[in-house]
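First the structure, in the form of structure tokens, and then the observations on it.
In listed order, ligands and their atoms are each counted from 1.
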Amino acid sequence: MNNRAPRTTPQMKTYDVCIIGSGAGGGMAAHQLTKAGADVIVLEAGRPWDNTTDSAMLTWPYESPRRGGSTKERPFGEFDACIGGWDIPGEPFTRAPGTDFNWWRARMVGGRTNHWGRISLRFGPYDFKRKSRDGLGDDWPISYEDVAPYYDRVDRLIGIFGSAENLPNEPNGVFLPPPKPRCHELLVKQAADKLKVTCIPSRLSILTRPLNGRAACHYCGQCNRGCKVNANFTSTNVLIAPALATGKLTLVTNAMAREITVDQSGKATGVAYIDKTTGADRHVRAKVVVLAASALESSRLLFNSKSALFPNGLANSSGTVGKYITDTTGTDVGGFIPKMMDHVPHNHDGVGGMHLYMPWWLDNKTLDFPRGYHIEVWGGPHLPGAGTLGGIQNYPSGGGYGKALKDNYRRYYGATIGFSGRGEMIPNDDTYCEIDPRTVDQWGIPVLRFHWKWSDHEYKQVKHMQETFRALITAMGGEPWSPMPTAEQGYGIAAGGTIIHELGGTRMGADPKTSVVNQWSQAHDCKNLFVADGGPFVSQADKNPTWTILALSMRTSDYIADQMKKGTL
Ligand SMILES: Cc1cc2nc3c(=O)[nH]c(=O)nc-3n(C[C@H](O)[C@H](O)[C@H](O)COP(=O)(O)OP(=O)(O)OC[C@H]3O[C@@H](n4cnc5c(N)ncnc54)[C@H](O)[C@@H]3O)c2cc1C
Ligand code: SF4
């Protein structure tokens, strides 16, 4: 129980399942459980959103005085399909002294899947058993073979393009054909081949062929604004909408969950939440509760669900709630590629994202750090927006006035290439979250305080990223924009949380003394409580996590449906 005394008005109806959050994890749970016939309620802290009506797709930058530039509410640009951000008014979090950490939170139906990057990578067989391979961190209690059938089903349900490469730790999926590489990507591929860096078609959840009643992509490249024709994956339009169509889903927006309630036997009875439109306390009863509020928010909810039976927070008898949290390591290098100047104007249309990427290609035996990273590619001549070619005076003979300036814009437009590394962090004891005893949000709910520390493993890995990206730019005949960051600058490592792939805090394990949930993401301490977001991840892999969140949520939801049928919940 948090320091806001519960003054809730209990609802008489008891739902089969109450899901907290409607992002990737919550959306999949709502989809599977309603299709299985369960009576489901979703509590979503954010506002309603529908890509087909609310998206700014195909709006020209000149239609806005801001030209699409960012605002505080829309840090990724005013046309971006995002409600939320790094700072949410009235919803603070805190950082322990010395901690550099950022926390992106969505506050809308569909969560972060409305403006995510759609890079949809499966974890591979090694990723589930890392400790067995290098002795660091922990193994998952499940293996790739346990999750593979669910990855296949997610591929078929949602749609993903890619190519079968038969790489040992980058499993093939059920792929739609990938789009062809564009000019700048062909140059990247040449450089990668020269340096023996594996470079293959990217794997994104965008339809290149119609699927399940959804249209194929028409290559407008505006995925981050929300796709009005529904050709990319969002939880909102691909999972929640069909769940609503079953008539079995009640979706409550502006509903900020603050506590999971339990009975005297320790079973979850439902969720207490704030109706943000009125500030009123409410309570919903349910036979099963599924936490999917995003990994770290789910830890917060468990901490705040204290009772005589669970004085350290619900499902926290192991003391590991909030622990083993990670974010992807990341750093970027951009460069000027003279070969790409004065390009012949041509159709550069593509999907909203890269057409090529580089999976991890090296053997750690020859390196001074464990685990790996993949490389994401950006640059080329995309639709210009606010800030395009800012700093043109830094190009050779750039800048100028009048016609000379315009000519220079035409010359250099699209002659930039960039690489972003996305690598695996190993959980460590100095990186965790807890409740800040002195700070509450606008509804009086205690907030999280973060502790974050990178280890040498991550610094060395990021140094390697920087060196590789510079070598790639040089191999393309180009020049990096910035000097190599020093050790004192952490080799350019992004602050924790900045890559927005936070995971852990309710990790999965066979031993209730060292983990929060079992292999079905079911709380060891509370059998009708499940976690369906990134909280149960034991390790992180260098893969972006959402495809695995979706596959695990589907697996957990099928288990819930099965157990409900058997009457064990
Ligand atoms: C710009 C960007 C790019 C990204 N690119 C990629 C990518 O290319 N590939 C990839 O794999 N991942 C990517 N991600 C990460 C991806 O979006 C997340 O992994 C994924 O959305 C996590 O799903 P989730 O369900 O755990 O959380 P979310 O999608 O964040 O959903 C959580 C939902 O819970 C709601 N909520 C939170 N607290 C409460 C509460 N107390 N009560 C009720 N509701 C609550 C939130 O409002 C939100 O709607 C990206 C993220 C961003 C922001
Ligand atoms: S690029 Fe394709 S998927 Fe993305 S918004 Fe345009 S049509 Fe939709």
- Message: Checking Asn230 now: which residues fulfil side chain to side chain contact (heavy atoms under 4.5 Å, CB included) with it, not counting sequence neighbours?
- Response: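 Residues passing side chain to side chain contact (heavy atoms under 4.5 Å, CB included) with Asn230: Arg214, Asn237, Val238.
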- Task: Tally every protein N/O/S atom whose distance to atom 2 (Fe) of ligand 2 is less than 2.8 Å; waters are neither shown nor counted.
- Result: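 If we list every protein N, O or S atom nearer than 2.8 Å to atom 2 (Fe) of ligand 2, we get 1.
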Assess whether a salt bridge exists between [X] and [Y], defined as any Lys/Arg side-chain N lying under 4.0 Å from an Asp/Glu carboxylate O.
{"X": "Arg112", "Y": "Glu297", "answer": "no"}
{"X": "Arg300", "Y": "Asp441", "answer": "yes"}
{"X": "Arg122", "Y": "Asp152", "answer": "yes"}
{"X": "Arg107", "Y": "Glu91", "answer": "yes"}

For each nitrogen or oxygen atom of ligand 1, which protein N/O atoms lie closer than 3.5 Å, and how far apart are they, rounded to 0.1 Å?
from: ligand 1; atom 1: 5 (N); to: Gly117; atom 2: N; distance (Å): 2.8
from: ligand 1; atom 1: 8 (O); to: Gly117; atom 2: N; distance (Å): 3.3
from: ligand 1; atom 1: 8 (O); to: Arg118; atom 2: N; distance (Å): 3.2
from: ligand 1; atom 1: 8 (O); to: Ile119; atom 2: N; distance (Å): 3.0
from: ligand 1; atom 1: 9 (N); to: Ile119; atom 2: O; distance (Å): 2.8
from: ligand 1; atom 1: 11 (O); to: Ile119; atom 2: O; distance (Å): 3.3
from: ligand 1; atom 1: 11 (O); to: Pro545; atom 2: N; distance (Å): 3.4
from: ligand 1; atom 1: 11 (O); to: Thr546; atom 2: N; distance (Å): 2.9
from: ligand 1; atom 1: 11 (O); to: Thr546; atom 2: OG1; distance (Å): 2.8
from: ligand 1; atom 1: 12 (N); to: Thr546; atom 2: OG1; distance (Å): 2.8
from: ligand 1; atom 1: 19 (O); to: Thr546; atom 2: OG1; distance (Å): 2.9
from: ligand 1; atom 1: 25 (O); to: Ala24; atom 2: N; distance (Å): 3.0
from: ligand 1; atom 1: 25 (O); to: Gly25; atom 2: N; distance (Å): 2.9
from: ligand 1; atom 1: 27 (O); to: Arg112; atom 2: NH2; distance (Å): 3.4
from: ligand 1; atom 1: 29 (O); to: Arg112; atom 2: N; distance (Å): 3.1
from: ligand 1; atom 1: 30 (O); to: Arg112; atom 2: NE; distance (Å): 2.7
from: ligand 1; atom 1: 30 (O); to: Arg112; atom 2: NH2; distance (Å): 3.4
from: ligand 1; atom 1: 41 (N); to: Ala257; atom 2: O; distance (Å): 3.1
from: ligand 1; atom 1: 41 (N); to: Glu297; atom 2: OE2; distance (Å): 3.1
from: ligand 1; atom 1: 42 (N); to: Ala257; atom 2: N; distance (Å): 2.9
from: ligand 1; atom 1: 44 (N); to: Ala45; atom 2: N; distance (Å): 3.0
from: ligand 1; atom 1: 47 (O); to: Glu44; atom 2: OE2; distance (Å): 2.6
from: ligand 1; atom 1: 47 (O); to: Ala106; atom 2: O; distance (Å): 3.0
from: ligand 1; atom 1: 47 (O); to: Arg107; atom 2: NH1; distance (Å): 3.4
from: ligand 1; atom 1: 49 (O); to: Glu44; atom 2: OE1; distance (Å): 2.7
from: ligand 1; atom 1: 49 (O); to: Glu44; atom 2: OE2; distance (Å): 3.0
from: ligand 1; atom 1: 49 (O); to: Met108; atom 2: O; distance (Å): 3.0
from: ligand 1; atom 1: 49 (O); to: Gly111; atom 2: N; distance (Å): 3.4

Which atom pairs, donor and acceptor, lie under 3.5 Å between side-chain atoms of residues 21-29 and protein residues at least two apart or in another chain?
from: Ser22; atom 1: OG; to: Glu44; atom 2: OE1; distance (Å): 2.8
from: Ser22; atom 1: OG; to: Gly110; atom 2: N; distance (Å): 3.0

- Task: Kindly state whether the ring of Trp104 and the ring of Phe76 have centres lying under 6.0 angstrom apart.
- Result: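 They qualify: ring centres under 6.0 Å apart.
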- May I ask you to decide if Ala280's main-chain N or O and Thr278's side chain share a donor-acceptor pair within less than 3.5 Å?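 Looks like yes, one N/O pair under 3.5 Å.
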- Have a look at Ile493 and tell me which of Glu458, Met425, Met465 forms a side-chain contact (heavy atoms from CB on, under 4.5 Å) with it.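 Single side-chain contact (heavy atoms from CB on, under 4.5 Å) partner of Ile493 among Glu458, Met425, Met465: Glu458.
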